[in-house]
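Step one of this worksheet: look at the structure below.
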Amino acid sequence: MLSKYHWWRDAVIYQVYVRSFLDSTGDGVGDLAGVRAGLPYLKKLGVDGIWLSPFYPSPQHDHGYDVADYCDVDPLFGDLAEFDLLVTAARRLGVKVLLDIVPNHCSSEHPWFQEALSAGPGSAARARFHFADGRGADGSEPPNNWHAMFGGPAWSRVTEADGRPGQWYLHMFTPEQPDWNWRDPQVGAEFDRVLRFWLDRGVDGFRIDVAAGLFKHPELPDSDDPEADARTRDSVNPLAWNQPEVHAVWRSWRSICEEYTARDGRERLLVGEVSVPTAREHALYVRSDELHQAFFFDLLSAPWDADAFRKVVSEAMQDIAGTGSTVTWVLNNHDQVRTVTRYGEPAPEGSGLGAARARAAALLMLALPGAAYIYQGEELGLPEVVDLPDDVLTDPIFRRTGSRARIRDGCRVPLPWSGQASPFGFTSGVESAKPWLPQPEYFAEYATDRALADTRSFWHLYRDGLQLRAALPQLGEGTLRWLDSPPGVLAFARGDGLVCAVNFGTAPSSAPVSGTPLLSSGPCPAGVLPGSTAAWWMSDGTESPAP
Ligand code: NOJ
């Protein structure tokens, strides 16, 4: 029996970066048994589901986004039996489980890529990837001028079986991540098999890596502006990303999910990592027969400014709501500088401004119509670890560019759970264990046990916000109505009477609404909305709509 309620439309999903969540074996790397042990904590927080970062067998050149076998668990993280236990435990608690699927590229250790290397030019095995002859008299120039997202050219040359330099293959990320050729039907068929493998094991859906990728322009022509492609990690090369053919894949994946739903009534969710230039293009990915959700990253990249936030929210509502989907809001993930640090700059360290703004942003996000994703540690107010020494950095961006700009290790440092010193309870039972990235001493302040005990903590703010979302029909899905508010303050009404206002400035403002206070991100005297603060009220109906 299909339910009319689509749980995913206003779901709050918690992103578990498995290697940094909780380590059950004492090897310093988080694992699936650790995730299972942490489920009660997540249930208490009140999230609807979890998205697990890739745990498949992988040489870990890009922490699992280089998949060598899509249908197994890397021994680093456990095994299939442990995975099954995790799914069962989550189901028992009513927590949905989403896997991270990586269809744009695999690992150079994937058996099909190894087969392609030995099969040679012109073979069916090479047709599953993008192999091409090089340019120049001796083929020593890459086939085109595309740049890889993580630095350097997007092509690497192979040595053929006879020992001579041979063809080149395309990799939009690192050379260890060859791109699949989705124009070869075997690739799509293999991914259908992979989806079914995990759906049969009971998962509730998939987060799809690089969902605007997969297809490249069929002729692989030169990019007009390779320098612009190189300057940004955004998907700006229109020949490599966002090709129209990709939409047929999402329609087909959606129908697979629906086939499973028709069998057991459990709705599965596909959420795409879609980086495209405009909200309008983004909306194409969430048409009613494609992905259920696509991360809307514009909020994540918006500066702390009322006008910037208002523009992003308005565009998303206008362009995405029309698809019949809902907007999927994100403030943090494993690729971005954490909000506490991002919003803190350039304020002097220790001013607390970043934390105050991150708390306000959280209340704003949780009040917006649609779904939201929380990245582990966000609920603790963890700052970015900005001073990791070069010799511990593992991000391939650092390895490929030699620059610390945009490196992602700082948001991936293992979570603190308890105690005064590293490993802060991250590794179970082995006090001498060394987490795979060093945890700073100040992580003690953020440990989950302290957070749970302190009602003023980030954790309680998130938990209270999630509880209200669950209790109040005005939150979650629906529309948003902007309200009149002083400059630097955003205020909007949700449904019947619920008002959220955020003061982006540092000076106090008058509260743009009168009514019953429900929740605020900081102390909020009656009638006042202090700087860098957000609040929710149940209004008495006296506020006026924005002109
Ligand atoms: C996006 C993922 O979020 C990121 O961590 C990864 O490095 C790239 N895709 C490549 O798979």
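These numbers were taken from a predicted model, which means no experiment stands behind them. Below, each value reflects all heavy atoms present in this structure, side chains not excepted, and no hydrogens, waters or symmetry copies. Every number for a ligand or one of its atoms is a count from 1 in the order of the listing.
When atom types are taken as modelled, the side chain of R126 and the backbone of A116 share a donor-acceptor pair closer than 3.5 angstrom.
Considering Y446, Y41, F424 as possible partners of W417, the one that fulfils the ring pair (Phe, Tyr, Trp, His ring centres under 6.0 Å) test is Y41.
Taking a heavy-atom cut-off of under 4.0 Å, ligand 1 is surrounded by D62, Y65, H105, F150, F173, R207, D209, V210, E273, H334, D335, R408, R412.
In this view, Y260 satisfies the ring-ring contact (aromatic ring centres under 6.0 Å, His included) rule with no residue, not counting sequence neighbours. Here Q114 pairs with nothing under the side-chain hydrogen bond (donor to acceptor under 3.5 Å, both in side chains) rule; sequence neighbours left out. With sequence neighbours left out, W436 forms a ring-ring contact (aromatic ring centres under 6.0 Å, His included) with H63.
Remark: R280 CZ is loosely packed, at most 12 non-hydrogen atoms of other residues, nucleotides or ligands lying under 6.0 Å away.
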